[in-house]
Amino acid sequence: MSNITDEGDVSGSDTAQKAPGNSSVADMQISVKRWLVKTSRNPFVTFSSLIQPVIFFVLMAEVLGAIVSGALAQTVGSDINYITYLTPAIVIQSALAAAAVSGIGLVDDMDTGMFEKLLASPMDRGAMFLGKVLSEVVRIVVQTTIILLLGYVMLYLQSGASVGSYLRTGLLGFIGVIAIAVIFGGAFMAFSNIVALVTHDQEATTMIANLLTFPLLFISSAFVPLEVLPGWIQSVAVVNPITYGVDGVRAFMLGQNVMTVFYVTAFSGLWNTVIPSVAVLIGFNVVLGGFAVHLLNRASKAKVQ
Amino acid sequence: MQVDRVRQPNEEQLAIDAADIHVTYADGTEAVRGVDLTVEKGEFFGFLGPNGAGKTTTIKTLVTLLHPNHGSVTINGYDVETEPQAVSESIGYMAQETSVDEELTARENIQFACKVYGVPASEQDERIEKLLDLVGLTDVADKRAENYSGGMKKRLDAATVLVHRPPLVFLDEPTTGLDPEARMRLWNYFEQLNEHGTTVFLTTQYLEEVDRLCDRLSVIQDGKIIATDTPDALKSAVGGDILDLALEDSSRQETERAIEVVRESDALEAATIETTDDGFTITAEDAREAVGDLFVALHKADVVVTGFDVRSPTLDDVFLTLTGESLEASNQDGANEQRVTVPEQEVAE
């Protein structure tokens, strides 16, 4: 009908009646890309969610390393260095730090009007949010890889140990560690978005994430074998998702069953830890994710009776 | 059960066809109480009303963001209830709140919008350049939007809603809070858009805006449309020209005496007279011609006139006539609005 390159390009009555739109997969890619670009614009955010775990890593290894070796010998084995034991805790801490700020992006989009703008666009809503989640998954994968490398460097400097004694299940273990970090992160992304949708406030979302991090980390199997901790901590640790994230990662690192909250013998070796841990984490994902999706649906729909 | 609608838009169809929309919020607020709208293709349609009149609620039902409790809405021939996807693909919507991703540059914002609306990759670069040029952001295209002024962000927002060349654009108070220059740039831009055939639906609380831009308008108050017509027709409904008189002694007694003098003189056929702070206002078909006679009559009666102004009715007079209150006053009630003085309209294209 009309020449696309003429001046009529600014308007559309005599050209397209309707935008072509995209498939859901394409919508998701568009959304992932937007969030990754936004993440790269704020290297400080990624940096700060890495720096705290790194500081913890170094301090804990130095301070606790000297006294925990006895407890390690009693529980997981005398040949295990505390740095190797600690790495899973730091992997999970960094995944938690990355996931816990997920809701901030959502609140930001609501504040700037981008949320509503996209709701009014033909973009597939599910794909729009899944894209955001995937960009955070990318971030967790990157952070986990960095922590794993750092852990080995620290171990090597201290004892000159081989990679094989650090990540005992090799490539499978590497993939397994990342998978558990991502599944664990999913539950906290959902949690962070729930807080964001309930409070509609960036500061509250950040604060609640920070407030929860430390108690949750310490009341778990993260830093010290649960067996040597007080009874009440052992009891709370059973319902703490961090326990399952850390135990799952640790099973891959050490290549053995390290489950500390209940004993499964249905599988063999490390799978006695990995399978129940993943099952519990998926449970957290389903419950928290379901609630987050419910709130998101409500926020996307009319606030009319 | 509804009768099947014609699914393909054709030339005769209306851009907007809304019948008896009611929207009640969960807290019981009846924001919209029976709004009917028909906007033809190619029209520049204004939706004028004070804060809280129901403008934004109405526009949100038209762009699929709100589901009305009652009523039907068809946009470009697509039903908002059953074909919301087709509706979103055939419109551009610029929300009242400036909606840009401030962490991205102008170019990236427009590019993102191109992708969201499925603009073919081969056309994207050219369209982005054209839109940047159109809204005057080419020089700062690669700077992040967080560094832009309010007016620049608005212009960027306007560019992003046009990437798919929609035949119908909704603009919700696009110039509220902008400085006069920024407002003028947007006005020029919207005029160009409409000249190229795009139907524009614009809500505003500025009379100057509808006066300058709109072919037709509806006036909304308390969730109901109280008049729909062309600006000129609405103005002529006010009942003639307006003569404002300021008196030296504007006490109530003296003002009433002066009004009595005006009524008793034979200068005016039929007139509406209202007192003002410093005198009174006469609205009459023949107000302009009667000025001389009125002054003579007032002078004879020893009424001292210190100022006068004869003018054609403005849309503010229309609003005053329709609602019994001035739009300016209504907006001031609405509080927290940044009022901006609008310059005289000598600034041309």
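Throughout, protein chains are lettered first and strands after them, A, B, ... in sequence-line order, and every chain is numbered starting at 1. Values below: every heavy atom of this structure, side chains too, minus hydrogens, waters and symmetry copies.
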Return the option, out of B:Asp157, B:Thr61, B:Thr57, with the maximum number of heavy-atom pairs under 4.5 Å with chain A. B:Asp157

Part of A:Asp111 within contact of chain B (heavy atom distance under 4.5 Å): backbone

Measure the OG1-CD distance between A:Thr39 and B:Glu103 for me, rounded to the nearest 0.5 Å. 8.0 Å

Taking all heavy atoms of A:Pro122 and all of B:Ser88, pick out the closest pair and write down the distance. N-CB, 3.8 Å

Electrostatic pair A:Arg41-B:Glu146, nearest N-O below 4.0 angstrom: no

One should read off an interatomic distance between B:Asp101 CG and A:Lys117 NZ, to the nearest 0.5 angstrom, of 9.5 Å

Please flag which part of B:Tyr93 lies under 4.5 Å from any non-hydrogen atom of chain A: side chain, backbone, both or neither. side chain

Do you know which of A:Lys38, A:Gln29, A:Met123, A:Lys33 has the most heavy-atom pairs with chain B at a distance under 4.5 angstrom? A:Lys38

Residue pair B:Val116 / A:Ser121: nearest heavy atoms and the distance that separates them: CG1-OG, 3.5 Å

Could you tell me the separation between the CD atom of B:Glu97 and the CD atom of A:Glu116, rounded to the nearest 0.5 Å? 7.5 Å

I'd like to know which of B:Leu104, B:Thr29, B:Val87, B:Val169 tops the heavy-atom pair count under 4.5 Å against chain A. B:Leu104

Region of B:Ala15 in contact with chain A, defined by heavy-atom distances below 4.5 Å: neither

Grab the two heavy atoms, one from A:Ala120 and one from B:Val63, that are nearest each other, plus how far apart they are. CB-O, 4.4 Å

Chain A contact via B:Glu108 - side chain, backbone, both or neither, heavy atoms under 4.5 Å: side chain

I want to check something: taking the side chain as every heavy atom from C-beta on, are B:Phe112 and A:Leu118 in contact at a cut-off of under 4.5 Å? yes

